[in-house]
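Okay, so here's the structure we're looking at.
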2 protein chains.
Amino acid sequence: MEVAGKKHVKRRRDPEATREALLRAGTELFALRGFDGVTVDEIAAKAGANKALISYYFRGKRGLYRTILQSTLAAGVERQGSLAESPRPPAELLREFIANFHHMATVERPFFPALMLREILESGKTFDDDVVPEVLALFQIVRAIIARGVAEGVFRPVHPFLAHLGIIGSLVFFYATEPTRQRLVAQKRLPVSLPTSKEFLDHIQEIVIRGLAVEPARTDGGTGEDRLMKTEDNGEHR
Amino acid sequence: MEVAGKKHVKRRRDPEATREALLRAGTELFALRGFDGVTVDEIAAKAGANKALISYYFRGKRGLYRTILQSTLAAGVERQGSLAESPRPPAELLREFIANFHHMATVERPFFPALMLREILESGKTFDDDVVPEVLALFQIVRAIIARGVAEGVFRPVHPFLAHLGIIGSLVFFYATEPTRQRLVAQKRLPVSLPTSKEFLDHIQEIVIRGLAVEPARTDGGTGEDRLMKTEDNGEHR
DNA sequence: AGAGTTTAATTGAACGGGCGATTGATACGT
DNA sequence: ACGTATCAATCGCCCGTTCAATTAAACTCT
């Protein structure tokens, strides 16, 4: 009742704050450089803590990584909530899924894509029973939406898992590699102007919906309301 | 017994063979586990050579990695050849690009996608002036095809770089993560049957072409007719 | 063609730096 | 004053590189 704000100032002792500082520092570093590419000294330095505390709180570097991975994935998946069970039109749900992913990957959990991609590439060093279900859950959401769209006849009869892989793949790839693109552009090695991630969001929504539609969206047909679903805010964030 | 051929028997001295054995072993291991995830002892063991030879031939582990990366990327890009300059219809070229990528990623250079993805994630540790142009070249091919399609009016007016990122992203992601999927399925942790990569090829071709088309349904079997549920989702209020 | 010499490939051993974990002491909070 | 959080120092191992020694191949000169 006296301390005002446990921000990052790390004044006196605050176990909870240091624990979270370690998690935050580790999340960023692991996402940027991978498990093997980061040393505990770096993490501790970035967190402003002693490196022995990593073992103290998380039983070692691997334990810290596992904690980070699990909570990040869980948070990212949780955001998609009960999308799969909603009775709304599949195309609308897909758009919302992609928009959710965008928001999550740009503001809420900016390190989710890189962490997840790296973990999939590692293929199991930390892929244990705590982590697999999270990845699986994300997969199932898209899968379910698409399967329903196919069943209802609004989507072409695509293999749901295939479609899901295509969608998740382009999303994860885009957001996970964004830092590198920006770096290359800053170094003047990429002679292009980067599109914003918001533009990417709109683009992918359009490609996916049009690509899946049984009867493709008409662009010139009569009334101007052939735009499938609204692409803007769904009533959240801003 | 004693084979005269220079297969893998490594009987007498054969500098060229050992050099290539190191390259092959390194390619696979680096693609599967990343630069930091592999030790020189492992590479040497897999190649059946002494680990000092890595320094001898490639001036160290990093040099071996650089050589592998550069030649793999170059080979993968080269396969796309002069697609960008062909006067054929953009949609056809895009299909061919994707098919080329599929062939390259499945039979010719199975480690290209994982290697490239990892390198992009690393964001420049080895991203030097020998490597960047290769990645750039791949990017430019798709970009050029799409830009022409847009200019000619057969594609919607999408941002070429955006479209390119979506396509490359889903391709690289799919092929780079295939080993992991197979591993998970083998462990009975993924309760799905995996689609073949050939199915994926067809799927992505379809999604991309339909997603980009100005006037859709121009793939085959001229389905000018559509009646199913195209209006279902138009019932939204705005 | 063959002995002798030079060059190149290969090897095992050793070095040294780096890194994650541990430990035992210290100081803070209640 | 007791338990816990924090810290500096240290330990021990792993790994990439280097080096000196060994051997195979290439070359030279009669």
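All chains are named by letter (A, B, ...) in the order of the sequence lines, taking the proteins before the strands, and each is independently numbered beginning at 1. On a predicted model such as this, the values are computed, not experimentally measured, just so you know.
- To the nearest 0.5 Å, atom CD1 of residue I120(B) and atom CD1 of residue I168(B) are 8.5 Å apart.
- Aromatic ring pairs are classed by plane angle as parallel below 30°, tilted from 30° to 60° and perpendicular above 60°; the pair F35(A) and Y65(A) is perpendicular.
- The side-chain hydrogen bond (donor to acceptor under 3.5 Å, both in side chains) contacts involving residues 163-175 of chain B comprise H102(B)-Y175(B), where partners must be two or more places apart or lie in separate chains.
- Checked by atom type and distance alone, the side chain of T72(B) never pairs as donor or acceptor with a backbone atom of L69(B) at under 3.5 Å.
- A salt bridge links E122(A) with R118(B): the closest approach of a Lys/Arg side-chain nitrogen to an acidic carboxylate oxygen falls below 4.0 angstrom.
- Between E28(B) and R33(B) there is no salt bridge, since no side-chain N of the basic residue sits under 4.0 Å from a carboxylate O of the acidic one.
- By the 6.0 Å contact criterion, CD on E199(A) is enclosed, its count of non-hydrogen atoms from other residues, nucleotides or ligands being greater than 12.
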Please write out the pairs of protein N or O atoms and N or O atoms of nucleotides 13-17 of chain D separated by less than 3.5 Å, giving the distance to one decimal.
unit_1  : atom_1 : unit_2 : atom_2 : d
dG16(D) : OP1    : V38(B) : O      : 3.3
dG16(D) : OP1    : K61(B) : NZ     : 2.8
dG16(D) : OP2    : V40(B) : N      : 2.7
dG16(D) : N7     : K51(B) : NZ     : 3.4
dT17(D) : OP2    : K61(B) : N      : 2.9
dT17(D) : O4     : K51(B) : NZ     : 3.2

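- Listed by chain and number, the residues in a side chain to side chain donor-acceptor pair (under 3.5 Å) with R143(A) are Q140(A) (sequence neighbours excluded).
- Residue N50(A) places at least one side-chain N or O closer than 4.0 Å to OP1 or OP2 of dA8(D).
- If you measure from atom CD of E16(A) to atom P of dC28(C), you get 21 Å, rounded to the nearest angstrom.
- Spacing between atom CZ of F58(B) and atom P of dT10(C) amounts to 11 Å, rounded to whole angstrom units.
- In this structure, E206(B) pairs ionically with R95(B), as a charged nitrogen and a carboxylate oxygen lie closer than 4.0 Å.
- Every stem involving DNA chain D, taken as at least 3 paired positions in a row under the Watson-Crick or G-U wobble test at 3.5 Å, is listed here: C:1-30 with D:1-30.
- With sequence neighbours left out, F97(B) forms a ring pair (Phe, Tyr, Trp, His ring centres under 6.0 Å) with no residue at all.
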Under 3.5 Å, N/O pairs linking protein and nucleotides 3-9 of chain C:
unit_1 : atom_1 : unit_2 : atom_2 : d
dA9(C) : OP2    : Y56(B) : OH     : 2.6
dA9(C) : N3     : R13(B) : NH1    : 3.0
dA9(C) : N3     : R13(B) : NH2    : 3.0

